[in-house]
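Taking it in order: structure first as structure tokens, then the write-up.
Every chain is numbered from 1 and lettered A, B, ... according to where its sequence line falls, protein lines coming before strand lines. Source: prediction; values computed, not measured. When reading the values below, keep in mind they use all heavy atoms of this one structure, side chains included, and skip hydrogens, waters and symmetry mates.
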Protein chains: 2
Amino acid sequence: MSGELTTEARILEVASRLFYERGYEATSMRDLAEGVGIRAPSLYNHFADKQAILVRICLDTMREFHTGALECLAGMDNPAHRLRVLINWQVRFEASHPYTVRVADAQLTALDPVTRREVIEVRDAYEQLLTSILAEGGHQGHWRVEDPRVICMGIIGMCKINSWYRDGAALTPEQIGDRYATLILAALDASTRI
Amino acid sequence: MSGELTTEARILEVASRLFYERGYEATSMRDLAEGVGIRAPSLYNHFADKQAILVRICLDTMREFHTGALECLAGMDNPAHRLRVLINWQVRFEASHPYTVRVADAQLTALDPVTRREVIEVRDAYEQLLTSILAEGGHQGHWRVEDPRVICMGIIGMCKINSWYRDGAALTPEQIGDRYATLILAALDASTRI
DNA sequence: CCCCTAGACTAACAAGCGTTAGTTTGCATG
DNA sequence: CATGCAAACTAACGCTTGTTAGTCTAGGGG
């Protein structure tokens, strides 16, 4: 065992990178094994089959993302604070999990239908969370939000910095998150003229 | 020949849908041929190989997107108008080319390096276009834009409605584009308190 | 009326795929 | 020192893949 990680952890690590770079179907078990430093059949000592590796990556990532979001919001009431915290969390998560986040999104089509449904349910739960914050801010009169869902999807898309952000950029993920949160909060402010 | 399209056009149409649904690698030439209503070897009467089909889809889509953007901006000077028009164009294009836009993005890894570079160059040109508009509005004092590129990427991400928008939604693409443009313009407005 | 070409077809190939069976190895425990 | 088990290995399987070679057929121009 090289390094200090278990073989299972190293398989997941290498698989995330390869699925990210080439896609699930374009990555062979032999490629993956070579990256780990073992032979292909040995992979089956750790995972039932190729699909199980993808399932682990996608489900683990989505669940960590969602539970982390809930923890960030714990005990917060003010919609503006909640929105800012959530935007910051997503941006930071995208930057700290560059491979797995993209795999969980772009390789959805390679997932078996059952797991795909599960991943989508977690994703929907997050969207619901964000939408409810927007709606609440609207009801309280702080924000101008005619279509919370449309705004929600716009914010989520904006926060997907994973497609362009690379380590060593001029701004840290924290700074980018702050910029986006400030921008959205300014835009939603009901006192602003259109 | 069924319908009124050439066989080549029908191949591109079916391939776009299959690459979108399953990915490039997961779509076999036999699957594709079946969708078109011919046998696999007949595909080679229209395209040199499988890769050539993907190349056509990705390059055609990106070029149509970029030249369309330039046409939308022709003769427009005001940064606010230019930004609004560009946001609207992207949102409408995403909605009107749901399959090919996603393929040109998600299947980038399946493209041969030469074509991938070409696609990325077109994408970069669009980003440069948007960034320059933001920077100009900043220099003219209309907008508060400290980091034009970060804002640019945020706007582009926001406009990728293709991942969630489906025909028959409550709002039309035009309406969504208007909402986003208004939101961004309100956020950038230099006279707004933060 | 014949020929030529475009575009369909069948048959088949070599390569690579995910996976299984069966075997060996090395360490930890009694 | 013997034993057992986890986890590596080699060999090989059946299948699918992209692609090529060669053939057939229908329609339009000389």
Relative to the ring of A/Tyr24, is the ring of A/Phe19 parallel (under 30°), tilted (30 to 60°) or perpendicular (over 60°)?
-> perpendicular

B/Thr7 has a side chain; which of C/dG18, D/dA8, C/dA8 sits nearest to it?
-> C/dA8

For atom CD of A/Glu34 and atom P of C/dC17, their distance in whole Å = 11 Å

Heavy atoms under 4.0 Å, any strand shown: does B/Ser28 hit a base, just sugar-phosphate, or nothing?
-> sugar-phosphate

Distance-only donor-acceptor test, A/Arg30 side-chain atoms vs C/dG16 base atoms, 3.5 Å | no

So, is the end of the A/Lys50 side chain (NZ or CZ) under 6.0 Å from the ring centre of A/Tyr44 and within 45° of the ring's axis?
-> no

Considering only C/dT19, D/dT10, D/dA8, which nucleotide approaches the side chain of A/Arg39 most closely?
-> D/dT10

Could you check which of D/dA8, C/dC17, D/dT19 has an atom nearest any side-chain atom of A/Ile38?
-> D/dA8

From C/dT19, C/dC17, D/dG18, pick the nucleotide closest to the side chain of A/Ala40?
-> C/dT19

Report the nucleotide, chosen from D/dA8, D/dG18, C/dT20, that has the shortest atom-to-atom distance to any side-chain atom of A/Tyr44.
-> C/dT20

Atom CG of A/Leu32 to atom P of C/dG16: distance rounded to whole Å?
-> 18 Å

Just to confirm, is there a sub-4.0 Å distance from OP1 or OP2 of D/dA7 to any side-chain nitrogen or oxygen of A/Ser42?
-> no

Can you tell me how far P of D/dT17 sits from NZ of B/Lys50, to the nearest Å?
-> 9 Å

A/Leu18 atom CG is separated from C/dC17 atom P, nearest whole Å, by 13 Å

Could you point out which residue of B/Arg63, B/Met62, B/Arg123 forms a side chain to side chain contact (heavy atoms under 4.5 Å, CB included) with B/Glu118?
-> B/Arg63

May I have the distance from A/Glu8 (atom CD) to D/dA7 (atom P), rounded to whole angstrom?
-> 10 Å

Write down the distance between CD (B/Glu25) and P (D/dG18), rounded to a whole number of angstrom.
-> 9 Å

Quick one: do B/Glu13 and B/Arg17 make a salt bridge, cutoff under 4.0 Å?
-> no

Can you tell which of B/Leu130, B/Asp147, B/Val145 makes a side chain to side chain contact (heavy atoms under 4.5 Å, CB included) with B/Cys152?
-> B/Leu130

Which of these nucleotides, C/dT19, D/dA7, C/dG7, is closest to any side-chain atom of A/Asn45?
-> D/dA7

Residue closer to the 5' end of DNA chain C, A/Pro41 versus A/Asp31 (nearest nucleotide) = A/Asp31

For the residue pair B/Cys58 and B/Leu111, establish whether any side-chain heavy-atom pair is separated by less than 4.5 Å.
-> yes

Give me the bend of the helix from C/dC1-D/dG30 to C/dG30-D/dC1, using the axes of the five pairs at each end, rounded to 10°.
-> 10°

Using only side-chain N and O atoms of B/His46, determine if any of them is under 4.0 Å from OP1 or OP2 of C/dA6.
-> no

Taking 4.0 angstrom as the limit, do A/Glu8 and A/Arg56 come out as a salt bridge?
-> yes

Other residues, nucleotides, ligands: >12 heavy atoms within 6.0 Å of A/Arg166 CZ = yes

How close or far is atom P of D/dT10 from atom CG of A/Leu43, stated in whole angstroms?
-> 14 Å

